[in-house]
There are 2 protein chains.
Amino acid sequence: MNVMDSTRRPRGRPQARPDAETRHVIAEAARAEFMANGYASTGMDAVAKRAGVSKKTLYRLVPTKAALFKASVADRIDSFLLAVDPDILALLDIEAGIERILHEFGRLTLAVDTIAIQRLVLAESDRFPDLATDFYAAAIVATHTNMTRYLTRMRDEGALVLDDPHVAAGMLRGMMIMEPQRAAMLGQRGAPTESEIAARATACARLFLHGCRP
Amino acid sequence: MNVMDSTRRPRGRPQARPDAETRHVIAEAARAEFMANGYASTGMDAVAKRAGVSKKTLYRLVPTKAALFKASVADRIDSFLLAVDPDILALLDIEAGIERILHEFGRLTLAVDTIAIQRLVLAESDRFPDLATDFYAAAIVATHTNMTRYLTRMRDEGALVLDDPHVAAGMLRGMMIMEPQRAAMLGQRGAPTESEIAARATACARLFLHGCRP
DNA sequence: TATTTTGGAGAATATCAAGTTTCCTAATGT
DNA sequence: ACATTAGGAAACTTGATATTCTCCAAAATA
C-alpha cells in the first residue's frame, strides 16, 4: 500500500504545478524586476504580480526578499562562464584563436542581461558580499582561468611571448569589454551589436598580438 | 549707514560658521556615508551625526536626501579628470609617454575613493541618470579624450600605427584598470598599491606597443 | 454532499526612515 | 536684564513596504 502513496493523489485540491516549477517562475519574475528597478526599489507585490502568483504562495516558497534576490541571481551565475571548445581552437592560428575567444567573451559579457546582472551584483555587493564572491568566482575567475590556460598553452608552444599569462589575460579582457560595458552600465549607450562585438574582437586580437608600433 | 549694514552684526546669536562652510562639511560627511553604505542604507540621521550638525541645520541647508547625494558626488566629479602635462610628455619617447599616462590614470582611477564613488554612481545610475551622465561626461569622456589626443598626435608624428585612436584609447584604458578595479568594486581585493600600479602601467605600455608575438 | 487542501485577493501589522516641528540652550546686541 | 537669532536633541508625522493573517473560491476525494 505504501507503494501506491506516490501515485495516489491526496485528499484536497491538487497543486497547480509542482513547487519547483513555481519557484522557477518566481525567480524569473524576480530577476526581471530586480534588473529593471534594482533591489531597493523592487517590491514583493510587484514580484508576485509579475510571477502571476499571490503573496501567500510567494512567501510559502521563499523565506525573505533577500533570499529571493540571492536565489534569482545565483540561478544565472553559471551561465556566465566562458568556455570555448579547445578542439576548435586547436585548428585556428593564434590570431584567429584569440579573436574567437574574444568574440565569444564579448557576446557573453556584453549582452543586455549580463550587463544588467553585473550592475546589480556590483550595486548590492555591500549588502550581499557572499553573492558578490560567488559571482566573482563562478563568472569572472572561471572565465579568466580559461583564457589564461589558452594563453599559457600558446606561450608554451612558442606562439606567444608573455611574462605572465595571468596578467595578460586580465588585460585582454579589459581591452575587449571595459569601455562598452561601462558605458552601457551607466546608461550612456546601448549594448553593442553583434557586428560591433565582432569588429572589436578583431581589433583587439590584432593589437594584442602585434602592438601598434610602426 | 547702508554701507555699514554688511559689517554690522545682526541682533541674535551669530552663525557658528558661514553656511557655505557648513554645507561643505555636510557634503563631506554625506559622501563618506554614501561611499561606505550606499544610498539606500544611509540615513539622514547618520549624515547629520557624522557632520556634527543637527538634522534641523541639515535640512536648512539641504532640501532632500536625493539632492544631498547629487551634491556630494558632483562635488568630486571634477577631481577625476586625467590631465598629463603635454610639455613633459613631449620630452618622453612613445613608450615612456604611454607608460606615464597610464601610471597617472591608474593612480587616479584605482584609488579607494575613486573606486567607491564609481561604484556608487554605477549603483544609483537608475535613480540618478543625470548624475551618471555628468559623471560619464566629466570623468570618463574627458579623460578618454585626453588620451585620444595624445595617441592621435603620436600617430600623426609617425610613432604609432592606428586605425582609430579613439577605440585604441578605450582599449588602453580597459587593459590598465578593468581587472583590478572590478575586483576591488566587488570587494574581492583591495585597491592596488602604488608599485602594483606602476608595474601594470609598464606592462601595458609594452604590450600596447609591441604586442606579444615572438 | 461533505470534507480537504490549494491558492488568490488583499487587509492588517510592524518596522523603518524621511522630513517637520517643538522645546530648550547658547550667544549676541540693546 | 531683555529681545532676538542660531542651533542641538529628540519627539512626532507620514509614507513605504516587508511580512503575516483572514476570508473565500476552486478543485479534488470520499
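None of the values given here were measured: they were computed from a predicted structure. Reckoned from all heavy atoms, side chains included, excluding hydrogens, waters and symmetry mates. In what follows, chains carry the letters A, B, and so on, assigned in the order in which the sequence lines appear, proteins first and then strands, with residues in each chain numbered from 1.
- The aromatic rings of Phe69(B) and Phe128(B) sit tilted, their planes meeting at an angle between 30° and 60°.
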Exercise for the section: Do nucleotides 18-24 of chain C as a string where each nucleotide becomes B, S or -: B if the base has a protein heavy atom under 4.0 Å, S if just the sugar-phosphate does, - if no protein is that close. Expected result: SBB--B-
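- Atom NZ in Lys49(B) sits roughly 11 Å away from atom C1' in dA10(D) (whole-Å rounding).
- One atom, CG of Asp19(A), and another, C1' of dG7(C), lie 11 Å apart when rounded to the nearest Å.
- The closest donor-acceptor contact from the side chain of Thr42(B) to the backbone of Gly38(B) lies under 3.5 Å.
- Under the 4.0 Å criterion applied to side-chain N and carboxylate O atoms, Arg189(A) and Glu179(A) are assigned as salt-bridge partners.
- One atom, CG of Leu61(A), and another, C1' of dT6(C), lie 12 Å apart when rounded to the nearest Å.
- Heavy-atom minimum distance, Ala29(B) versus Arg50(B): O-CD, 3.5 Å.
- Atom-to-atom distance recorded for Phe135(B):CZ and Ile77(B):CD1 is 6.5 Å, nearest 0.5 angstrom.
- Donor-acceptor pairing under 3.5 Å is recorded for the side chains of His103(B) and Glu194(B).
- Going from atom CZ of Arg60(B) over to atom OG of Ser54(B) covers 8.5 Å, rounded to the nearest 0.5 Å.
- To the nearest angstrom, C1' of dG7(D) lies 12 Å from CD1 of Ile26(B).
- Looking at every heavy atom in both residues, Gln188(B) comes nearest to Ala132(A) through NE2-C, 3.9 Å.
- Taking only side-chain nitrogens and oxygens, Arg60(A) comes nearer than 4.0 Å to OP1 or OP2 of dG7(C).
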Report, one pair per line, the protein and nucleotides 3-5 of chain C atoms (nitrogen or oxygen only) whose separation is under 3.5 Å.
| from | atom 1 | to | atom 2 | distance (Å) |
| --- | --- | --- | --- | --- |
| dT4(C) | O4' | Arg11(A) | NH1 | 3.3 |
| dT5(C) | O2 | Arg13(A) | N | 2.9 |

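- Between dG8(D), dA6(D), dG8(C), one nucleotide has an atom nearer to the side chain of Ser54(A) than all others, and that is dG8(C).
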